[in-house]
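Everything on this sheet refers to the single structure shown next.
Throughout, residue positions are numbered sequentially from 1 according to the sequence presented. Any value given below was found using the heavy atoms of this structure, including those in side chains, with hydrogens, waters and symmetry copies removed. Quick caveat, the model's predicted, so the values are computed rather than measured.
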Amino acid sequence: MKKILFTLFSIACISMVNAQTAAPVEIKPDVLLVKEASHDFGKIPQGRPATYVFEVVNTGSTPLKLDNVQASCGCTTPVWNKEDIAPGSVSKITVGYNAYAEGAFEKSITIQYNGSQTKVLVIKGVVYKAPPSSAPENASVKLLKQSNQ
């Protein structure tokens, strides 16, 4: 009796394990090639927006659709062509940074394509406080104006 119960229990366990085996997941090949995945602006003056153009290439054999391009914060704005990218063609993603806050920054831009695939771009740099005017004040000019009056 114990052997029969043990055999039935074993068969039930094996059946449950086989039932839970998942079907293999289809992995799509990566067809989006980014020529540069990051860009360092270096030092940029505060209040002067900076932009950079990332180039992406469709290395696949079918048209590629960029579903969404989204920045990690509102200070970074991506602009891209919403049309399909033909096989072998290059498309551009222009990324702007408003340079409002002083100090170092590093922002990410996520590209979503082919329904479920993603790639991340990065921009970074340092925003320095710009002088209040375009040229420093020259005290000698005031002295000359006073002596000519």
Side-chain angles (χ1 to χ4, degrees), residues 5-142 144-145:
L5 288 176
F6 179 73
T7 305
L8 290 174
F9 179 73
S10 298
I11 292 173
C13 288
I14 292 171
S15 297
M16 283 190 269
V17 169
N18 285 336
Q20 292 182 6
T21 307
V25 177
E26 180 185 342
I27 298 174
K28 295 179 183 177
D30 192 7
V31 295
L32 181 70
L33 172 69
V34 179
K35 291 188 176 182
E36 282 184 89
S38 68
H39 177 72
D40 188 348
F41 285 109
K43 293 183 177 181
I44 54 177
Q46 186 176 21
R48 297 241 174 116
T51 59
Y52 184 74
V53 178
F54 289 96
E55 290 187 351
V56 295
V57 180
N58 179 359
T59 60
S61 58
T62 59
L64 175 70
K65 175 85 169 142
L66 299 182
D67 300 318
N68 193 18
V69 180
Q70 186 170 357
S72 60
C73 79
C75 60
T76 307
T77 309
V79 177
W80 75 99
N81 187 347
K82 311 247 186 319
E83 300 295 320
D84 289 353
I85 304 169
S89 294
V90 176
S91 187
K92 296 179 180 182
I93 299 172
T94 303
V95 178
Y97 180 69
N98 71 8
Y100 179 75
E102 187 178 358
F105 67 92
E106 185 169 318
K107 306 297 178 185
S108 62
I109 300 92
T110 303
I111 304 169
Q112 296 173 344
Y113 61 101
N114 276 356
S116 63
Q117 292 180 295
T118 61
K119 269 224 202 271
V120 177
L121 307 173
V122 175
I123 58 169
K124 60 185 176 179
V126 177
V127 177
Y128 66 89
K129 187 162 184 72
S133 67
S134 59
E137 188 175 322
N138 189 345
S140 301
V141 173
K142 287 183 183 178
L144 286 172
K145 285 183 179 179

L64/N114 under side-chain contact (heavy atoms from CB on, under 4.5 Å): CA gap, chis, key distance, verdict = CA-CA 7 Å; L64 175 70; N114 276 356; 3.2 Å; yes
Qualifying residues under side-chain contact (heavy atoms from CB on, under 4.5 Å), relative to T62, sequence neighbours excluded = none
Residues 71-94, side-chain donor-acceptor partners within the protein, below 3.5 Å, at least two apart:
from	atom 1	to	atom 2	distance (Å)
S72	OG	S108	N	3.3
S72	OG	S108	O	3.4
N81	OD1	E83	N	2.9
S89	OG	A86	O	3.4

Among pairs that include at least one residue of residues 113-128, which meet salt bridge (Lys or Arg N to Asp or Glu O under 4.0 Å), considering only residues two or more places apart or in two chains?
-> D30-K119
Check whether any side-chain heavy atom of I111 lies under 4.5 Å from a side-chain heavy atom of L66, and answer yes or no.
-> yes
Who are the side-chain contact (heavy atoms from CB on, under 4.5 Å) partners of P49, not counting sequence neighbours?
-> none
Give every residue pair that meets the disulfide (SG to SG under 2.5 Å) criterion with at least one member in residues 81-125, sequence neighbours excluded.
-> none
May I have all residue pairs that pass salt bridge (Lys or Arg N to Asp or Glu O under 4.0 Å) and include part of residues 65-78, sequence neighbours excluded?
-> none
Residue pairs passing the side-chain hydrogen bond (donor to acceptor under 3.5 Å, both in side chains) test where at least one lies in residues 31-40, sequence neighbours excluded = K35-E55, E36-Y52
L121/V34 under side-chain contact (heavy atoms from CB on, under 4.5 Å): CA gap, chis, key distance, verdict = CA-CA 9 Å; L121 307 173; V34 179; 3.5 Å; yes
Any V69 side-chain heavy atom under 4.5 Å of I109 side chain | yes
Going by heavy atoms in the side chains, are N58 and L32 under 4.5 Å from each other?
-> no
What heavy-atom pair brings V122 and F54 nearest, and what distance separates the two atoms?
-> O-CZ, 3.9 Å
Taking every heavy atom of T51 against every heavy atom of F41, the minimum-distance pair comes out as O-CE2, 3.5 Å
Under 3.5 Å, sequence neighbours excluded: what are the donor-acceptor pairs made by side chains of residues 95-107?
from	atom 1	to	atom 2	distance (Å)
N98	OD1	Y100	N	3.1

